Amino acid sequence: MIGKENDTKQEGRLIKPLLVSRLSHFFYQNSGIFIAVFFTIVFIGYLFFIMMGKAAGFELADGNIKSLGTSFGFDHADIIVFLAARTDEMINAYINFNKVWDTLFGLIYGLMYVVWMSFLFKSSAQKVGFLNLFPFAQVLFDWLENYALASLANQYLVDGMISLPIAKLASVFCMLKWVCSGLTSTLILVGIILTIAQAIKNKKTNIVNK
């Protein structure tokens with residue numbers, strides 16, 4: 001029995017890396033410039049035609065902070081001020097925004113970044129490995145932040161209070177999200193530079209060969 005349990009655990013440990021490997025390989029094989037541009041257009045369209053409209057339901061005309069997730073972290077007082085300035089209807093709109101529309105936004109920008117990185121690092125796939133899936137880390141922290149903020153907003157509607165531990169967690173998730181965002185942008189920039197450098201090198205090689 002013990003031997004079978006150990007075998008099952010070992011199989012479970014092997015399945016997870018295998019799934020990640022297959023997912024990484026899938027994006028490397030199927031990502032190209034046209035697909036990357038397509039996802040970029042979807043990202044921009046969703047941001048301007050859907051996200052901004054949904055965010056209008058809880059925005060204040062003279063508010064400095066349109067959404068807590070747009071800042072690099074926040075504290076307990078920031079959340080209280082943000083919620084206290086809004087009506088129950090606006091807070092419900094904020095909860096729905098975090099649970100639905102911002103969650104979909106995370107999936108869209110995550111796919112966009114993964115496709116771009118898979119395209120840019122395709123020639124180096126053997127060296128960089130699962131690096132093309134790194135943008136999903138930002139998506140994960142974004143989702144965790146969204147649901148933590150939605151939970152706090154729900155609590156505020158019930159008793160006018162918010163949980164300090166959850167508020168701290170939401171802030172940590174927010175900061176990790178932006179750190180991952182910065183790293184992803186840096187990796188994409190590096191990928192663009194390497195792609196251009198490789199294209200110039202190939203062009204020079206072709207000229208010499210001719």
Side-chain angles (χ1 to χ4, degrees), residues 36 39-117 131-190:
F39 272 103
T40 302
I41 293 172
V42 171
F43 164 79
I44 295 172
Y46 186 87
L47 175 62
F48 285 97
F49 295 108
I50 297 179
M51 281 282 285
M52 292 179 69
K54 297 299 179 181
F58 59 84
E59 287 182 354
L60 300 176
D62 58 347
N64 293 323
I65 302 177
K66 294 183 180 296
S67 180
L68 292 166
T70 58
S71 59
F72 186 76
F74 39 78
D75 57 25
H76 182 272
D78 291 329
I79 302 173
I80 290 292
V81 170
F82 180 86
L83 296 174
R86 287 160 173 80
T87 63
D88 288 359
E89 183 180 1
M90 295 172 75
I91 294 175
N92 279 316
Y94 181 65
I95 293 169
N96 188 57
F97 177 83
N98 279 296
K99 284 188 173 181
V100 180
W101 306 110
D102 202 25
T103 296
L104 288 174
F105 184 60
L107 181 61
I108 291 170
Y109 74 64
L111 287 171
M112 179 189 69
Y113 287 144
V114 168
V115 169
W116 271 112
M117 286 189 61
L131 188 66
N132 63 325
L133 300 182
F134 178 75
F136 285 143
Q138 179 184 345
V139 177
L140 175 61
F141 289 124
D142 195 358
W143 285 352
L144 289 171
E145 173 209 320
N146 286 343
Y147 280 88
L149 288 174
S151 175
L152 292 171
N154 273 314
Q155 181 187 358
Y156 184 84
L157 286 175
V158 173
D159 54 22
M161 304 287 288
I162 63 170
S163 168
L164 182 57
I166 296 178
K168 289 182 178 179
L169 272 178
S171 181
V172 170
F173 292 147
C174 181
M175 288 187 285
L176 289 173
K177 174 190 72 176
W178 286 115
V179 168
C180 289
S181 176
L183 290 173
T184 296
S185 298
T186 301
L187 288 170
I188 289 176
L189 179 60
V190 170

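All values derive from a computational prediction rather than experimental measurement. We're numbering straight along the sequence, starting at 1.
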Looking at [X] and [Y], would you say the former's side chain and the latter's main chain have a donor-acceptor pair under 3.5 Å?
X	Y	answer
Asn96	Asn92	no
Ser151	Tyr147	no
Trp178	Gly69	yes

Would you indicate whether the side-chain heavy atoms of [Y] and [X] approach each other to under 4.5 Å?
X	Y	value
Val81	Asp78	no
Lys99	Asn146	no
Thr40	Trp116	yes

N/O donor to acceptor pairs below 3.5 angstrom from side-chain atoms of residues 131-140, sequence neighbours left out:
from   : atom 1 : to     : atom 2 : distance (Å)
Asn132 : OD1    : Ser24  : OG     : 2.7
Asn132 : ND2    : Ser24  : O      : 3.2
Asn132 : ND2    : Ser118 : OG     : 3.0

Restricting to non-hydrogen atoms, name the atom on [X] and the atom on [Y] that form the minimum distance, rounded to 0.1 Å.
X	Y	result
Met90	Glu59	CE-O, 3.6 Å
Tyr46	Leu104	OH-CB, 3.4 Å
Ala148	Ala170	CB-CB, 3.7 Å
Ser71	Leu68	OG-O, 2.9 Å
Phe97	Lys54	CD1-CB, 4.0 Å
Trp143	Thr103	NE1-O, 2.9 Å

Got a second to check how far [X]'s [atom1] is from [Y]'s [atom2], nearest 0.5 Å?
X	Y	atom1	atom2	answer
Ser181	Phe141	OG	CZ	13.0 Å
Thr184	Met112	OG1	CE	10.0 Å
Ser171	Ile166	OG	CD1	13.5 Å
Leu144	Leu149	CG	CG	11.0 Å

(request) Might you work through the ring pair (Phe, Tyr, Trp, His ring centres under 6.0 Å) test for Phe82 and Phe74, ending with a clear yes or no? (result) CA-CA 11 Å; Phe82 180 86; Phe74 39 78; 9.1 Å; no

(message) Show me the pairs that pass salt bridge (Lys or Arg N to Asp or Glu O under 4.0 Å) and involve residues 143-163, at least two apart or across chains.
(response)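 Every pair satisfying salt bridge (Lys or Arg N to Asp or Glu O under 4.0 Å) with a residue in residues 143-163: Glu145-Lys177.
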
(message) If the test is side chain to side chain contact (heavy atoms under 4.5 Å, CB included), which one of Leu83, Ile91, Leu152 qualifies with Leu157?
(response)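 It is Ile91; the other options fail the test.
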
(request) Not counting sequence neighbours, which residues clear side-chain hydrogen bond (donor to acceptor under 3.5 Å, both in side chains) with Asp142? List them please. (result)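 If we apply the side-chain hydrogen bond (donor to acceptor under 3.5 Å, both in side chains) test to Asp142, skipping adjacent residues, the hits are Tyr109.
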
(message) If the condition is side-chain hydrogen bond (donor to acceptor under 3.5 Å, both in side chains), which residues does Ser163 pass it with, not counting sequence neighbours?
(response)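 Listed in chain order: nothing, the list is empty.
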
(message) Checking Phe43 now: which residues fulfil ring-ring contact (aromatic ring centres under 6.0 Å, His included) with it, not counting sequence neighbours?
(response)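 Phe43 satisfies ring-ring contact (aromatic ring centres under 6.0 Å, His included) with Phe105 only.
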
(request) With sequence neighbours excluded, tell me which residues meet side chain to side chain contact (heavy atoms under 4.5 Å, CB included) with Ile80. (result)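 Listed in chain order: His76, Tyr156, Ile162.
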
